[in-house]
Amino acid sequence: MLTLKLITEQTEKVIRGLEKKHFGNAKEAIDKAISLDRNRRETQQKLDACLAEQKKCAAEIGALMKQGKRDEAEAAKAKVAALKEESQAFQQQMNEVESALTAHLCTIPNIPYDIVPEGSCAEDNIVVKSSLRECKEGDTVGNWDTVPANTEAKLPHWELAKKYNLIDFDLGVKISGAGFPVYVGLGARLQRALINFFLDEARNSGYTEIMPPTVVNAASGYGTGQLPDKEGQMYHCEVDDLYLIPTAEVPVTNIYRDVILDEKDLPIKNCAYTQCFRREAGSYGKDVRGLNRLHEFSKIEIVRIDTPEHSEQSHKEMLEHVEGLLCKLELPYRILRLCGGDQSFTSAICYDFEVYSEAQGRWLEVSSVSNFDTYQANRLKCRYRRIADKKTELCHTLNGSALALPRIVASILENNQTAEGIRVPKALVPYMGCEIIK
RNA sequence: GGAAGGAUGGCAGAGUGGUCGAAUGCGCUGGUCUCGAAAACCGGUAAACGGGUAACUGUUUCGGGGGUUCGAAUCCCCCUCCUUCCGCCA
């Protein structure tokens, strides 16, 4: 959530930011936050004064008791009883205002950085870079018509998966349901190859590998913002009140919940491979065909915790890392800077990576790399102590997929079809043990 | 799953109703001493939320929540987690 400091000190900027994100009634929402905050502070002042008086009286009674002045002590007790009633009322008011304020702040999204383009939908996203051609000012998804040169009719990945016996979707339906594919033989090996390749690449870029739990408690869900609003997107084990993670971001980022880090330890760079679970309620049609959208899939996530001064540099390095992966996998890609309206609720700036799927004739999103500024850290209470003045400040948090497997597998299969079989990208040959999937 | 014990500052660990935000030790940090270092000695060393330009100052926090009391780290109730023993078991 946004900090009250930002809302009260830079109100106009916040309102403009929310409008850029196409958040309705920005002014109204901010005014409400400010008024709740004022109410909270006033209530606290009254409560504090009341409690201070109460403490003072209690100390006096103690002193009187010691001196044996019982009568005076009894008289003072009556006074405290009245004060206590008053302070309890203030306390209740305080609790109510505070939870109303927090609940309200949770409904307000993060504000975008200045360089985030204006726009309301995916068409307005800016193409900043592509492996296919130079990008120029004004290139957007809406006017982008470049596709790889070699696009004669080819098979989509769900047919290739069957042809080469790599993935059995029907078997997955039998065992679990739609969206739970069974990887077989070289198909399974390709999963392991990609996981190892991505983890090795992350380690070579200085990320510390984490293997976290894939099931988390509610507190962690709140920490990264999946709860309370996205409750329906996660699988929930009711008996134990635990949630299956939708991404490794949840357990890894929550490592730093309620933590004060040393500035010298920043940036923290973690990577993690986990299975990810998503209910994907409401998805349908071509979006869910084959590997395009699954209930369970493998993903390698990179997470950074950094200082405000250095987080932009960190974000740049993360983008370069992800781009490097796509280059090594020899896939045709483009990088989008998302416009205000298409950005996620929590990000301050976000870049999407898309790979062209020849057989499907469309671009598939394979990675999002975001900087959340202090938005996530504020809810997590993730802070660091500055070396200069020893003050604590909120950290910046960043994360990105590097990468999620299903759509990468789809693109590798579809983009590498030859008469002999599926050509394995050079970088994966050592992991696959073969140059071609027959 | 059954039984017992426990949860205190960065760490270890005192404290069982009244200046306790909390002894002591370690760690960290500033200083004295020294050519320098070590040792020794002296001092500092939690966070959140308020008020104040500031110096400073109020409140809250001893796993979490509730209760008793004029007053709770300390007494009572509930919850969570940890340890040990028994049972079960990759």
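First the proteins, then the strands, lettered A, B, ... as listed; each starts at 1. This structure is a prediction, so every number in the text was calculated from the model and none was measured.
Across all strands shown, rG17(B) has no partner, as no Watson-Crick or G-U wobble contact with both distances under 3.5 Å is found. Base pairing analysis places rU74(B) opposite nothing; no Watson-Crick or G-U wobble pair with both distances below 3.5 Å involves it. rC81(B) is paired with rG6(B) under the Watson-Crick or G-U wobble criterion, all donor-acceptor distances under 3.5 Å. The nucleotide rU69(B) finds no pairing partner, because no Watson-Crick or G-U wobble arrangement with both distances shorter than 3.5 Å includes it. Pair check for rA40(B) finds rU32(B); Watson-Crick or G-U wobble, both atom distances under 3.5 Å. Nucleotide rU45(B) has rG27(B) as its partner under the Watson-Crick or G-U criteria, with both atom distances under 3.5 Å. With a cut-off of 3.5 Å on both pairing distances, the Watson-Crick or G-U wobble partner of rG1(B) is rC86(B).
T3(A) and N378(A) form no side-chain donor-acceptor contact under 3.5 Å, judged by distance and modelled atom types alone. Defined by atom type and a distance below 3.5 Å, a donor-acceptor pair is missing between the side-chain atoms of E301(A) and N270(A).
rU32(B) and rA38(B) have their P atoms separated by 14 Å, given to the nearest Å. rU69(B) and rU74(B) are spaced 16 Å apart, taking the P atom of each and rounding to whole Å. Comparing the same atom, P, in rG50(B) and in rG15(B) gives a spacing of 37 Å after rounding to whole Å. rC35(B) and rC20(B) have their P atoms separated by 44 Å, given to the nearest Å. The separation of rU80(B) from rU29(B), taken at their C1' atoms, amounts to 37 Å, rounded to a whole angstrom. Spacing between rG44(B) and rU8(B) at atom P, rounded to whole Å, works out to 26 Å. Rounded to whole Å, the P atom of rC26(B) lies 12 Å from the corresponding atom of rC42(B). Using P as the reference atom, rG64(B) and rA73(B) are 12 Å apart when rounded to the nearest Å.
Put simply, T43(A) has no side-chain N or O that comes within less than 4.0 Å of OP1 or OP2 on rC49(B). An OP1 or OP2 oxygen of rU19(B) is reached within less than 4.0 angstrom by no side-chain nitrogen or oxygen of K56(A). The shortest distance between the side-chain N/O atoms of K55(A) and the OP1/OP2 oxygens of rU60(B) is below 4.0 Å. Taking 4.0 angstrom as the limit, R41(A) places none of its side-chain polar atoms (N or O) nearer than this to OP1 or OP2 of rC49(B).
Atom CD of E12(A) sits about 10.5 Å away from atom CD1 of I30(A), to the nearest 0.5 Å.
In summary, R386(A) and E393(A) engage in a salt bridge, as defined by a charged side-chain N under 4.0 Å from a carboxylate O. Salt bridge annotation for E60(A)-K79(A): absent, with no cationic side-chain nitrogen under 4.0 angstrom from a carboxylate oxygen.
Taking atom OH of Y222(A) as the reference point, atom P of rG64(B) lies 20 Å away to the nearest angstrom. One atom, CG of D48(A), and another, C1' of rU57(B), lie 11 Å apart when rounded to the nearest Å. Rounded to whole Å, atom C1' of rG71(B) lies 15 Å from atom NZ of K79(A). Atom CD1 of I260(A) and atom P of rG9(B) are 13 Å apart (whole Å). Between N95(A) atom CG and rG66(B) atom C1' there is a gap of 13 Å when expressed in whole angstrom units. Rounded to an integer number of Å, the gap from K381(A) NZ to rC49(B) P is 9 Å. The separation between L51(A) atom CG and rU61(B) atom C1' is 13 Å, rounded to whole Å. Computed from coordinates, the Q91(A) CD to rG65(B) C1' distance equals 13 Å when rounded to whole Å.
Among the atoms of the strands shown, only primed sugar atoms or phosphate atoms (P, OP1, OP2) are found under 4.0 Å from some heavy atom of Q45(A). A52(A) comes within contact range of the sugar-phosphate backbone alone, with a heavy-atom separation under 4.0 Å but no base atom that close.
When each of L329(A), L331(A), I422(A) is tested with N415(A) by the rule side-chain contact (heavy atoms from CB on, under 4.5 Å), just one qualifies, namely L331(A).
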- Message: Applying side chain to side chain donor-acceptor pair (under 3.5 Å) to R304(A) and Y207(A), what does each step give before you reach the verdict?
- Response: CA-CA 9 Å; R304(A) 288 205 191 198; Y207(A) 290 86; 3.2 Å; yes
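Residue A58(A) has its side chain nearest to rG71(B) when only rG71(B), rC49(B), rA48(B) are considered.
The nearest heavy atom of RNA chain B to R385(A) and to K77(A) marks one nucleotide each, and the one closer to the 5' end goes with R385(A). Nearer the 5' end of RNA chain B, as judged by each residue's closest nucleotide, is the contact made by R383(A), out of R383(A) and A81(A).
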